[in-house]
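The structure under discussion appears below in the form of structure tokens.
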Amino acid sequence: MTSYLIAFGITMLAGLSTGIGGLIAVSRKNPTDQFMAAALGFSAGVMLYVSMIEILPKGFEQLTEAYGDIGGNWAAVAAFFGGIGAIAVIDRLVPEPINPHEPQGLGDPKLDAQRRIMMKMGMMTALAITIHNFPEGFATFITAIEDVTLAIPVAVAIAIHNIPEGIAVAVPIRQATGKRSEALKWSWLSGLAEPVGALVGVLLLMPFLGPVTLGISFAAVAGVMVFISLDELLPTAIGTGRHHTAMYGLIAGMAVMAVSLLLML
């Protein structure tokens, strides 16, 4: 029982580091266009890099293990574009969220529309990162049960690369609501997916988890994150009028995520 509690504690600490990213995102009292361009570009860089370099290759690896090289590669590509298609349909069909703290028709219509777009972007980013963190938490928990000394450096590396993910969630939500507390709340909640993933994985999903389920999930989540980055985060960053700043943020996000993944080797 003690080993399970230790493993859960390690997983919890790794997951909730997204809240550190949320704290960084709300550190500025009044974010400027330059800050928003850099932060949103950074978020896009994080999501694009982790999708293409970490998550999608895991999908290919799992599916080729199940179906062989040819079948596995076709299945991974289908799941990747299936994820893109699914989130594109959701993006078209789900109404833009309305900020409950902003009465409709009383403010600047352009500002209201921008806030609705930011809120939708934040919610979609939080959903994608939550799905991504779910198996991560399960993996950390299982590793900790088997070998705590191995799990600690893994958890530290995951915690480091969860920080920019917390930024990716918090920046658009803070801009949409104007409330630091909302941005922090959602950055913490997206990190809770890891301890929840540990619990649900052990209690319910372990008998059903295999290369096919994991491979399809990884590839589809990669597709979702790529779509959000290219359709929502990056265009909004460029829309601030700070094109070069957005690109610098994009590259910085990729670089930070690259280093955090190297620490996991």
Side-chain angles (χ1 to χ4, degrees), residues 40-94 120-140 142 157-158 161-162 164-165 168-169 190 193-194 197 200-201 205-238 247 250-251 253-262 264-265:
L40 291 169
F42 183 90
S43 301
V46 166
M47 294 183 69
L48 285 171
Y49 193 91
V50 76
S51 298
M52 302 306 293
I53 301 300
E54 183 192 25
I55 304 176
L56 185 57
K58 284 184 178 178
F60 275 92
E61 179 184 337
Q62 296 287 342
L63 290 169
T64 53
E65 178 184 330
Y67 296 129
D69 287 341
I70 295 177
N73 278 279
W74 276 99
V77 169
F80 176 75
F81 285 102
I84 290 176
I87 197 64
V89 169
I90 291 171
D91 185 50
R92 296 290 293 178
L93 296 181
V94 175
K120 181 174 72 172
M121 186 192 314
M123 292 294 99
M124 291 172 69
T125 302
L127 176 62
I129 288 175
T130 297
I131 295 170
H132 164 51
N133 284 350
F134 192 89
E136 217 172 60
F138 179 65
T140 305
I142 294 300
I158 288 174
H161 100 252
N162 277 352
E165 291 180 354
V169 173
S190 65
E194 295 203 6
V200 175
L205 300 181
M206 191 179 286
F208 305 102
L209 287 177
V212 174
T213 305
L214 289 173
I216 291 174
S217 299
F218 283 135
V221 167
V224 168
M225 294 177 77
V226 166
F227 181 88
I228 293 171
S229 299
L230 297 180
D231 184 65
E232 302 279 355
L233 292 170
L234 197 55
T236 306
I238 294 172
M247 291 300 102
L250 177 80
I251 294 167
M254 289 183 171
V256 169
M257 186 53 67
V259 171
S260 73
L261 291 175
L262 289 173
M264 297 176 67
L265 296 177

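Given the structure is predicted, the values throughout are model-derived calculations rather than measurements.
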Could you tell me which non-hydrogen atom of [X] sits nearest to which non-hydrogen atom of [Y], and how far apart they are?
X      : Y      : result
Gly253 : Val46  : O-CG2, 3.7 Å
Pro57  : Ser51  : CD-O, 4.1 Å
Gly83  : Val224 : O-CG2, 3.6 Å
Ala76  : Ala219 : O-CB, 3.5 Å

Evaluation steps, side-chain contact (heavy atoms from CB on, under 4.5 Å), between Val77 and Phe80: CA-CA 5 Å; Val77 169; Phe80 176 75; 5.6 Å; no

Is there side-chain contact between Phe42 and Val256, with heavy atoms separated by less than 4.5 Å? yes

Validation row: Ile84, Phe81 side chains within 4.5 angstrom (heavy atoms): yes

Mind checking the CE-CE spacing from Met52 to Met257? Nearest 0.5 Å is all I need. 15.0 Å

Could you work out, with side chain to side chain contact (heavy atoms under 4.5 Å, CB included) as the rule, every residue matching Ser229, not counting sequence neighbours? Ala44, Met47, Leu48, Leu233

Show me the donor-acceptor pairs within less than 3.5 Å that the side chains of residues 61-68 make with the rest of the protein, sequence neighbours left out.
{"residue": "Thr64", "atom": "OG1", "partner": "Phe60", "partner atom": "O", "Å": "2.8"}
{"residue": "Thr64", "atom": "OG1", "partner": "Glu61", "partner atom": "O", "Å": "3.1"}

